[in-house]
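Data first, discussion second: the structure below is written as structure tokens.
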Amino acid sequence: MAVLNGMIPALDGLAAAYFASGRAADAILVVLALEFGWLWRRRRWSAAGALAAVLPGAMFVLGLRAALVGAPWPLIALPLAGALPAHLWDLARREQGRGRVASGVRSG
């Protein structure tokens, strides 16, 4: 599984430090923030709709970040547990929007 192990020792150390510091998760959070902005501004989604779409993933990444930096288990479990209600909120919004479209009322 260790593709770089031994092949490029300097890169192995950089990658290990990048993940151990939590910066890898930070980069993913930046991408999710950019996705939120793109959905909200470019795709003209409501702010709540864009937030509902990216929040479950952001919660998972926050749990990942906590695990990578060695945080206590409650700080890992809390965002992971929060991902479920966030996901259910997103599903409820999408289902509600689907009903509006079917009835001829456009959702936003």
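All values derive from a computational prediction rather than experimental measurement.
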Answer whether the closest heavy-atom distance between the side chains of Ile28 and Phe60 falls below 4.5 Å.
no

Can you check whether Leu78 reaches Leu62 side chain to side chain, under 4.5 Å on heavy atoms?
no

Where is the tightest heavy-atom contact between Pro56 and Ala83, given as atom of each residue plus distance?
O-CB, 3.9 Å

About how many Å separate CZ of Arg93 and CD of Glu95, when rounded to the nearest 0.5 Å?
13.0 Å

Looking at every heavy atom in both Arg65 and Gly22, which two are closest together, and how far apart are they?
NE-O, 3.8 Å

Would Phe36 end up clustered with Trp38 when hydrophobic side chains under 4.5 Å apart are linked, directly or stepwise?
yes

Examine Leu51 and Leu84 and state if one hydrophobic cluster contains both, with Ile, Leu, Val, Met, Phe, Trp and Tyr joined whenever side-chain heavy atoms are less than 4.5 Å apart.
no

Joint cluster assignment, Trp89 & Val54, ILVMFWY side-chain distance < 4.5 Å:
yes

Indicate if Trp45 and Leu55 have the same hydrophobic cluster label, given that clusters are the connected sets of ILVMFWY residues with side-chain heavy-atom separations under 4.5 angstrom.
yes

List the atom of Leu29, the atom of Ala58, and the distance in Å for their closest heavy-atom pair.
CD2-O, 4.0 Å

Do you know which two heavy atoms are closest between Gly82 and Met59, and how far apart they sit?
CA-CE, 3.7 Å

List in chain and number order the residues that pass salt bridge (charged side-chain N to carboxylate O under 4.0 Å, His left out) with Arg94, two or more places apart in sequence or in another chain; answer none if no residue qualifies.
Asp90

What are the two closest heavy atoms between Trp40 and Ser46, and how far apart are they?
CD1-C, 3.9 Å

Atom pair CZ (Phe19) and CG (Leu64), whose distance is rounded to the nearest 0.5 Å
8.5 Å

Closest non-hydrogen atom pair, Ile76 against Ala71
CD1-O, 3.6 Å

